[in-house]
Every structure is written in structure tokens, then in C-alpha cells.
K.L.:
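Please read through the structure below; I'll follow up with questions.
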Amino acid sequence: MTSTPTATADRPHRAAKRYIFAWGDGRAEGDATMRDLLGGKGAGLAEMTNAGLPVPPGFTITTEACNDYFTSGQQLPDGLWDDVLEAVHEVERTTGKGFGDAADPLLVSVRSGAKFSMPGMMDTVLNLGLNEQTLDGLVALTGNERFGWDAYRRFIQMFGRIVMDVKGERFDHALDAAKHARGVQQDTELTADDLRALTTEFKAIVREDTGREFPGDPYEQLDLAIKAVFASWFGKRAVDYRNNQKIAHDLGTAVNVVTMVFGNMGDDSGTGVAFTRDPNTGEKVLFGEYLTNAQGEDVVAGIRTAPKISQMQTDMPQVYGEFLRIGEQLEKHYRDVQDLEFTIERGKLYMLQTRSAKRTAAAAVRIAVDLVAEGVISKQEALGRIEPAHVDQLLRDQFDPAARASAPRIAKGLNASPGAAVGRAVFDADTAVDWVGRGERVVLVRIETSPDDFHGMAVAQGILTARGGATSHAAVVARQIGKPCVAGCHELVIDYRALTATANGVTFAEGDWISVDGSTGEVFVGALPTVSARFEDQPELQTILGWADEVRRMQVWTNADKPEEAEMARRYGAQGIGLCRTEHMFREGERLEIVRGAILVANAATRAKTKTAAGGTLTPDEAGAVAIFDTAMGKLEVLQQGDFEGIFRAMDGLPVVIRLIDPPLHEFLPNLEEQLVKVTRAEMSGGATDEDKELLATIKSMHEQNPMLGLRGCRLGLMIPDFVKVQTRAILNALIVVKASGGHPKAKIMIPLVGHVNELKATKDLLEAEAKAVEIDAGIDVEYVFGTMIEVPRGALTADEIANHAAFFSFGTNDLTQMTFGYSRDDAEGGFLLKYVEEGILPVNPFQTLDDAVAGLMKMAVDKGRATRPDLELGICGEHGGDPESIHKCERIGLDYVSCSPFRVPVARLAAAQAVLASAERDK
Ligand code: ADP
Ligand code: MG
Ligand code: MG
């Protein structure tokens with residue numbers, strides 16, 4: 001398939017720019033490469049036409065026209081309307097019909113279409129060009145009065161809602177009432193007379209609601225519809241969607257004007273949606289739904305439950321065969337799974353849309369692996385096809401199999417988007433947002449969803465709908481945003497007024513816990529326990545990540561404090577521990593008591609030790625403090641050594657970066673206010689214990705205005721050296737023990753929060769002496785290195801000096817971000833930061849995605865550090881280490897590894913590979 005030469009040839013135009021690209025009669029002016037200008041839909045229609053596929057003629061008004069429309073204050077650019085008229089005339093010539101011609105009317109659809117497909121975000125108007133006169137023509141030509149009136153009532157309904165802003169429900173109610181009056185279930189059972197009466201009613205609704213007549217002039221209809229498509233680009237739901245998906249707001253939408261073909265001409269006609277492979281599992285089978293005698297969005301909206309596409313094989317074998325061939329052709333051509341929309345008019349197939357299919361994480365991975373096996377794409381392309389979020393989803397929780405087996409299942413619907421969702425039932429999107437704002441977890445339960453529900457879907461744990469199939473709005477959107485979804489759960493009767501839902505005799509109300517399994521379609525009452533998804537059971541994911549490992553330059557390490565975490569990370573592919581936070585070990589069980597005991601006398605004991613060192617004699621009190629302190633520290637040393645042995649064993653042969661104590665000591669003590677209240681209360685009722693009073697005094701004495709900027713990190717180690725000395729001894733002795741038992745431990749001792757080289761130097765001197773003592777005791781040399789965290793701006797600025805004393809740097813980007821911005825993270829994230837991001841004062845939350853200025857500081861430190869010490873090892877251990885976008889920045893900065901929490905390791909492996917591919921792309 002190559003594009004025709006007309007693609008580049010200019011087209012005569014009245015407007016200052018060329019805004020129109022037409023297609024028809026097997027030739028198109030645009031092609032698949034022009035998505036920016038034509039939008040995805042327009043580019044696809046052009047490409048399909050060029051490929052000789054049956055596409056009804058039409059034209060695209062470019063995204064540029066949309067943008068110019070907004071720059072000129074919502075006016076069509078000068079001359080554009082003339083160019084539209086010329087394009088309409090062309091379509092008239094191709095089809096032999098006339099726009100507004102009562103004898104042989106040309107009807108069109110007016111369809112939006114941006115560069116990125118935004119399912120359901122922008123509305124399409126069908127059957128445009130109908131009025132009382134052209135309707136007569138349509139009926140005369142088709143000899144089908146019922147069809148004519150059905151087309152007309154649909155047009156008024158759609159145009160009224162989308163272009164004239166009439167509340168859609170008003171039409172729905174009228175339609176329901178008509179069906180009710182007739183005693184029928186389906187709109188297909190209404191007669192021509194019923195539909196004629198309905199159009200009169202619809203027009204009255206328009207008149208009442210808008211104060212104006214429904215426009216009869218086709219050109220006026222077209223003008224209004226084009227403007228409505230443009231306007232919808234900045235409609236709330238489109239803006240919400242783009243915000244959520246991080247799509248730029250200045251892309252604009254194209255408008256596609258397409259000759260109508262009719263799927264509602266009887267049982268030899270129909271309309272459908274299909275994927276060339278199953279978008280849930282990735283299996284290579286045609287997947288989709290279709291409805292006979294139906295038009296447009298009937299399938300997607302779940303008006304009637306549509307049969308599976310395979311039914312078409314029985315109903316219309318020839319058309320099915322042709323469709324299958326077209327699907328295969330398009331898949332090969334685009335080298336990806338396609339999502340197709342089609343209509344059959346009296347046995348003739350028309351293609352109305354093709355685009356790359358949205359898919360679940362599982363499908364994405366399977367399809368990528370299959371396409372490589374089929375020789376369609378390369379491994380590197382396959383890597384580009386997987387989103388980091390997909391990997392994340394595959395590692396998401398599932399329901400505990402034992403619990404689900406015995407759980408009260410109340411209904412079963414379609415397994416529309418996999419995963420386990422547990423939350424409290426809410427019945428509308430606004431409530432979902434409110435409740436989630438209060439810290440609740442919710443499942444959004446709707447009869448069906450529409451784009452207006454997007455904000456609720458985005459915050460819900462999962463989505464449950466009573467109507468609609470596997471290609472319904474709920475299903476498509478849920479798959480895309482990675483939420484579990486059960487759709488089309490017909491057994492469920494939802495009462496919006498009572499805020500209840502009932503199925504098989506069981507009712508749940510707003511606020512009740514429910515569990516929804518998007519993988520099986522099951523719905524349970526109550527909150528089912530979940531289990532984590534097993535990485536081991538996902539060979540295709542492992543294949544992809546294996547390819548990522550071949551491509552990536554940076555290593556992926558993990559932040560793990562316990563042997564179990566280290567083991568899990570290792571299974572996920574971690575190549576080392578980039579951050580082992582020793583103080584996390586202080587908080588567990590009996591340890592906290594020991595640590596508190598030590599802290600209470602830490603200052604006294606440290607002073608006493610200084611006195612002894614200077615040749616002084618201790619008072620009995622001082623000697624007592626030293627004894628208590630040393631006993632506590634001795635216990636801690638034994639416990640920590642055990643911890644380290646466990647970690648070294650779990651990470652046998654791989655590097656382990658152990659950070660020495662970092663947080664301010666008060667974090668290990670009770671809260672000042674609580675202790676004050678406790679002592680005060682006790683004093684009022686007979687007196688507090690000495691212990692409590694002492695504790696209170698200690699807490700008070702350690703109180704700091706800004707603890708995060710106070711006595712912590714290396715400063716703490718320098719003030720109370722025993723903490724870090726004990727830790728160093730524990731690390732070295734653990735190395736000795738593990739090595740003696742045949743292991744291959746590799747330790748890197750990390751000194752945190754260094755801002756001045758002397759802090760590092762003094763700490764290192766202190767600890768090297770301690771290490772030497774351990775080595776002498778054991779009679780062997782132990783292998784280990786010292787390095788530092790770069791997390792204070794001054795540290796980054798003086799990295800050349802610091803590198804003289806550090807074998808490695810690990811960027812602590814949480815602190816580095818706090819201190820570069822001058823924000824306290826806890827206060828910022830809980831407060832103004834959200835607003836900042838919302839209002840665009842900051843582009844993103846810098847604690848989630850590495851800020852460019854912070855990255856710049858890192859780059860400076862990297863350059864300076866390497867200038868001093870070319871073999872300096874460089875990594876990141878802040879939370880950014882697991883964020884794909886930040887990982888790209890780390891690649892550009894030239895780090896050796898990223899370190900992230902264990903469950904982010906697979907994501908980081910992929911992102912690190914994609915970062916390499918992206919820089920290769922940039923360097924081209
Ligand atoms: P969306 O962007 O929501 O997918 P579309 O523009 O693709 O909207 O239109 C939705 C549906 O309307 C199509 O899938 C198709 O069934 C129907 N449709 C659009 N244009 C035409 C047309 N010219 N003839 C027949 N049906 C059409
Ligand atoms: Mg479509
Ligand atoms: Mg830090």
C-alpha cells in the first residue's frame with residue numbers, strides 16, 4: 001500500500017491555508033503518516049482508501065483548522081467555508097447524490113478525530129442532511145419508510161444532543177415511552193408511524209429546550225456540526241481525558257465529513273466493531289460484536305446486547321469472509337492489532353475506521369511477543385509497544401482463590417477489563433470523586449457509562465455496569481486506564497433513586513463493600529482478600545523483560561530492607577540493593593524498646609565517653625549511663641548483624657548498599673504531645689512514673705523546629721558516633737560470617753546527607769578505624785567500600801571534592817527535591833502542591849517525576865564526581881528510581897543504575913530499555 005501522488009499535491013483553496021484533504025473513488029489526498037494534521041481517524045480513512053478498501057467518500061478538515069478556529073475567537077477561518085462547499089460538491093460528484101437534494105439526497109456523518117484516539121470523547125453526528133424534503137427522497141429511493149423515519153429520528157436526537165445541547169435523556173425518555181406505549185422492548189420493533197410521531201415529539205423537545213426550531217437547511221446543519229466538533233475539543237470530558245492521559249491540549253481535532261452508509265436498512269444490513277485479536281488476552285482471533293439492522297453507536301452504547309462477531313459468519317458468510325481478509329490486510333499493513341468499525345448496507349461492507357487497538361496489559365505483552373514470533377515486528381519494536389503501566393498492571397493483585405471459592409457471588413457479567421477491584425459501591429461519578437477524596441475506596445456501579453462518567457471511573461478501584469458489551473464505553477475506557485471492569489451484568493438491577501443494586505435476591509446499597517473480578521466477570525458482596533499476581537506465572541512478560549535486559553544500559557537495583565523483600569526483588573530481576581535502610585530494622589518488635597533505651601541515655605553516655613577519652617574519671621551516674629547505653633547498643637549490634645547476614649545471603653553475589661542511620665532520633669520516641677498529655681494526666685491523678693517523666697524530658701530536649709533539616713544523617717553519626725560504629729561493626733561481622741559459610745557478600749556502606757566534604761571525611765575516618773578493629777579481631781581483610789548519598793544541594797555542588805572520599809554516589813532525590821525546591825514534602829504534597837499542579841504552576845509533581853532542575857543538579861554532580869574519580873559508581877535511590885519518565889532522565893544523565901522498590905523492578909527494567917531506545921532515536 002503506497003500513498004498516491006496526490007497526497008503531497010496541493011489542492012486549490014480559498015482559505016489562507018489548505019485545510020481540506022479529501023478521499024473517494026479509490027484515491028485519497030492524505031495518508032497514514034498525516035495523523036497530526038488529519039487526526040487518527042482521517043489518516044486511517046485516507047490510508048484505507050488508498051489501500052483499495054471500501055470506504056465511503058468524504059473529506060477531512062484538518063486539526064490546524066480547529067486550532068485556527070480557536071485563535072480567531074471561535075470563527076471559521078476566512079475562506080474555509082467555501083473550501084468545505086467545494087469538497088461537498090466533490091463528494092456529490094463522486095456519489096451522484098446531492099446535498100439537500102430532495103430527489104437523491106446525500107447524507108453525511110460529521111465525525112471528530114484527534115491525533116490520539118479518545119474513545120467516546122468527541123461526538124459524531126450521523127444522517128446529517130435530512131429534513132422533511134430529503135427524507136421523502138430517502139424513503140422514495142429506498143422504498144423503506146420505516147428506515148427513513150428511523151434515520152430521521154436518530155438525526156434529530158443526535159444533532160439535538162450534540163450540537164444543540166439538548167439533554168439526551170429527554171429524547172431517551174420519549175423513546176422509552178414510545179416503546180412502552182407499543183408494548184415492545186427494542187427500538188427495531190417500532191413502526192414507521194411510531195417513528196414519525198417520535199420525530200415530531202423530538203422536534204418539540206428541541207423547541208422547548210432551546211427556544212429555536214430544529215434547523216432544516218443541510219448547510220446550516222453542516223456549519224453547526226463542524227463548529228460543535230471543534231467546540232468539543234475543549235469540552236469538559238475531553239479536557240479531563242487529556243489531562244488524565246497527558247495528551248497536549250493544543251493538538252486540536254480534525255473533522256471528518258463522510259458519506260453515510262446505512263446499517264439500519266433491514267436484516268441484510270448491520271454495524272459492528274471488531275478487533276483483529278482479542279484485546280483482553282491477545283489471542284489471535286477476530287474479536288468483536290455486531291448488530292443487524294442498527295446504526296452507528298448502537299453496539300457501543302449497549303442499546304441491545306450485540307451478538308459476537310462470529311455470529312456474522314452464519315448470518316452473512318460472504319461479508320464475514322471479506323471482513324476477515326480486510327482485518328488481516330490492515331493488521332499486516334499497520335504491523336499492529338487493529339480496532340475496526342464497519343457497516344454493512346444491504347449486504348455490502350464498508351470500512352469506517354481503523355486504529356491501533358487499545359488492549360489490556362496481558363494482551364499487549366502477548367501480542368508483542370506473538371508479532372515478534374510472526375516476524376511482523378522486531379524485539380525492539382515490541383519493547384516500544386509495551387507501556388510501563390502495562391507491566392505494573394500485570395503485577396497487580398488478584399482475588400485470593402480460596403476466598404473467592406467460598407465468597408457469595410451475586411452476579412456474573414462480562415469480563416471486560418481484568419484485575420480485582422474491592423471498594424464501596426457508589427452509583428455516580430461525582431459521588432465516586434467525593435468519597436475517594438475522603439480516603440474511601442469505591443467501585444463505580446452504573447447502568448452503563450458515558451464519557452460524562454470518566455472522572456468517576458478514573459478514581460474508582462473498578463467499574464461495574466449492567467448494560468453494554470465488551471466494546472462498550474465502560475469496557476474500552478476501563479481497559480485503557482487499567483481498571484478492572486465487569487460490564488453488561490444483566491442480572492443486576494440498579495436503582496439510581498434508591499441507590500441500590502439487586503441481583504439474584506441480594507441487594508447492596510451505596511457504601512456497601514463489593515468485590516468485582518474483571519478477569520472472570522464475577523461480582524461479590526463484601527470485601528474479598530486479594531493476592532499478588534505471580535510474576536513467575538507470566539512467561540510472556542518475562543520474555544519481554546528479557547529483551548529489555550538485552551537493550552538497557554543501566555542496571556536496575558532495588559530498595560529493600562529485609563531479606564524477604566530482597567528475595568522478591570531478585571525474582572523480579574533486581575541486580576543489587578541500592579538502598580537498605582537500616583533504621584527500618586530498628587522499629588520492629590523488641591528492637592524499638594532497646595533503641596529507645598539507648599536514645600534516653602545517648603547524650604549522657606556520649607559525653608561521658610568523651611570525658612573518659614580525655615582522661616577524666618566518671619561519676620557513678622555517668623558510668624551508669626555508659627553501661628546502660630553500651631548494653632543496649634550491644635544488643636542492637638547482634639540483631640543488626642543478623643539482619644545483614646540475611647540480606648547478604650538473599651543477595652548473594654550482588655552489591656548491597658547499606659545506608660547508615662538517617663532519620664532524626666525523635667522518630668523512634670513517642671510523640672511529644674502524646675507524652676506530655678500522658679504525664680500531665682498521670683500527675684493529676686496521683687503522679688507520673690519517673691520513667692515517663694524522664695522520657696518526656698528527653699523528647700523535649702531532642703525536639704527540633706525543623707527535624708528534616710536538623711540532627712539527622714551524617715550529622716547524627718558525628719554527634720553520637722556509637723550508632724554508626726555499631727552499624728559498621730555489624731556490617732563487617734556479617735560479611736565475615738556469610739563469607740565464611742561460602743557466600744559472596746558485597747557491601748557498600750553509604751553515608752547519608754553529606755553537604756560538606758569534611759562531614760564525609762570525618763565520618764569515614766571514624767568508621768574506617770572501627771572497621772580496621774573488626775578486621776584485626778577476625779584476622780582477615782574484609783572487602784567493602786564507602787560511598788555517599790548526594791541529596792543536599794551543597795553536596796551536589798561540591799561533588800568533585802566529595803568524590804575524593806567516596807567510591808560511589810547514590811542520588812537521594814526525595815531529599816534533593818525537597819531541598820532544591822525548599823519544600824517540605826509532607827507539607828507540600830498534603831497542601832499546595834496539588835493546586836500547583838492543577839493550575840499548571842508546576843508541570844508535574846516533582847516528587848513523582850524528576851524535575852529538570854533537580855536532574856540538572858544531578859548532572860552537574862555526575863560530571864564533577866567523574867572528573868575527580870572516573871570510575872565513580874552512580875545510582876539513584878529516591879522514589880524517582882521507579883518512575884519511567886524519571887528513568888529516562890537518569891539514562892540521559894548517565895547513571896549506572898536506578899534503584900526502586902521491589903515491585904517496581906520489572907517496570908524499571910522495561911523503562912530503562914525504552915530510555916536507551918529513545919536516546920538512540922534522538923541521536924538519529
Ligand atoms: P468515535 O470516534 O466515537 O469512534 P465515529 O466517528 O467513529 O466515533 O462514529 C461512531 C460510529 O458511527 C461509527 O463506528 C459508525 O458505526 C458510525 N458512523 C460514522 N460515520 C458513518 C457513516 N458515514 N456511515 C455510517 N455509519 C457511520
Ligand atoms: Mg469510531
Ligand atoms: Mg534522604
Side-chain angles (χ1 to χ4, degrees), residues 23-24 38-45 48-49 54-61 88 91 94-95 97 99 105-130 138 147 150-151 154-155 157-159 161-162 222 225-226 228-229 232-233 235 237-238 241 253-265 269-275 288-301 303 306 338-346 348-358 449-451 454 471-473 476-477 480:
W23 69 86
L38 305 183
K41 202 179 284 167
L45 288 165
M48 286 197 292
T49 303
V55 178
F59 58 91
T60 301
I61 307 172
V88 170
V91 175
T94 317
T95 58
K97 296 169 185 290
F99 196 54
L106 168 68
L107 303 184
V108 297
S109 63
V110 176
R111 316 167 65 186
S112 61
K115 175 173 183 187
F116 301 108
S117 95
M118 298 165 57
M121 286 292 118
M122 316 286 268
D123 290 319
T124 293
V125 178
L126 301 177
N127 307 338
L128 189 136
L130 274 178
L138 188 67
F147 155 72
D150 188 49
R154 285 171 187 269
F155 173 53
Q157 190 172 354
M158 273 186 264
F159 193 92
R161 177 174 61 80
I162 298 161
L222 183 59
I226 291 171
V229 171
S232 72
W233 176 253
R237 34 186 237 216
Y241 182 84
T253 177
V255 181
N256 300 290
V257 178
V258 186
T259 305
M260 279 305 301
V261 289
F262 299 98
N264 52 338
M265 280 196 160
S269 303
T271 180
V273 179
F275 296 82
E289 294 166 330
Y290 97 115
L291 274 176
T292 50
N293 200 9
Q295 190 176 42
E297 305 275 64
D298 287 3
V299 174
V300 181
I303 306 266
Q338 297 295 297
D339 170 355
L340 306 170
E341 294 176 13
F342 62 96
T343 283
I344 303 148
E345 179 179 307
R346 290 180 171 161
K348 171 147 177 49
L349 174 67
Y350 291 95
M351 298 305 297
L352 292 172
Q353 189 167 338
T354 187
R355 60 184 163 196
S356 279
K358 306 257 192 275
T449 64
S450 78
F454 183 77
T471 50
S472 66
H473 177 265
V476 171
V477 173
Q480 192 185 2

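In listed order, ligands and their atoms are each counted from 1.
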K.L.:
Short list, please: which atoms of ligand 1 are under 4.0 Å from a heavy atom of Val258?
P.N.:
23 (N)
K.L.:
How many angstroms lie between atom CE of Met48 and atom CG of Leu352, to the nearest 0.5 angstrom?
P.N.:
7.0 Å
K.L.:
Mind checking the NE2-CZ spacing from His473 to Phe454? Nearest 0.5 Å is all I need.
P.N.:
8.0 Å
K.L.:
Looking only at distance, does Val261 have an N or O less than 3.5 Å from an N or O of ligand 1?
P.N.:
yes
K.L.:
Do Gln295 and Asn127 have side-chain atoms, one donor and one acceptor, less than 3.5 Å apart?
P.N.:
yes
K.L.:
Distance check, rounded to the nearest 0.5 Å: Lys97 atom NZ versus Leu107 atom CG?
P.N.:
8.0 Å
K.L.:
Find the distance between OG1 (Thr271) and CD (Glu289) and round it off to the nearest 0.5 Å.
P.N.:
11.5 Å
K.L.:
Calculate the angle formed at the Mg ion (ligand 2) by OE2 in Glu341 and OE1 in Gln353; 10° precision is enough.
P.N.:
100°
K.L.:
Taking the six-membered ring for Trp, are Tyr290 and Phe342 parallel (under 30°), tilted (30 to 60°) or perpendicular (over 60°)?
P.N.:
parallel
K.L.:
State, to 0.1 Å, how close Gly263 and Thr343 come at their nearest heavy-atom pair, and which atoms those are.
P.N.:
N-CG2, 3.5 Å
K.L.:
Do any nitrogen or oxygen atoms of Arg355 lie less than 3.5 angstrom from nitrogen or oxygen atoms of ligand 1?
P.N.:
no
K.L.:
What part of Leu352 sits under 4.0 Å from ligand 1 if we count only heavy atoms: the side chain, the backbone, both or neither?
P.N.:
side chain
K.L.:
Compare all side-chain heavy atoms of Val125 with those of Phe155 and state whether any distance is below 4.5 angstrom.
P.N.:
yes
K.L.:
Could you list the atoms of ligand 1 found under 4.0 angstrom from a heavy atom of Thr259?
P.N.:
22 (C), 23 (N)
K.L.:
With atoms numbered from 1 as shown, which atoms in ligand 1 lie under 4.0 angstrom from a non-hydrogen atom of Thr124?
P.N.:
5 (P), 6 (O), 8 (O), 9 (O)
K.L.:
For ligand 1 and Lys41, I'd like to know whether there is a polar contact (N/O to N/O, distance under 3.5 Å).
P.N.:
yes
K.L.:
Checking contacts here: is it the side chain or the backbone of Glu341 that comes within 4.0 Å of ligand 1, counting heavy atoms only? Could be both or neither.
P.N.:
side chain
K.L.:
Which one holds for Val108 and ligand 1: side chain close, backbone close, both close, or neither close, with close meaning a heavy atom under 4.0 Å?
P.N.:
neither
K.L.:
Measure from the Mg ion (ligand 2) to each N, O or S atom of Thr124 and report whether any distance is below 2.8 Å.
P.N.:
no
K.L.:
Considering only heavy atoms, does Thr271 approach ligand 1 within less than 4.0 Å through its side chain, its backbone, both, or neither?
P.N.:
side chain
K.L.:
Using only atom types and a distance under 3.5 Å, with no angle test, would you say the side chain of Thr259 pairs donor to acceptor with the backbone of Pro57?
P.N.:
yes
K.L.:
Below 4.0 Å, non-hydrogen atoms only: which portion of Gln295 touches ligand 1? Side chain, backbone, both or neither.
P.N.:
neither
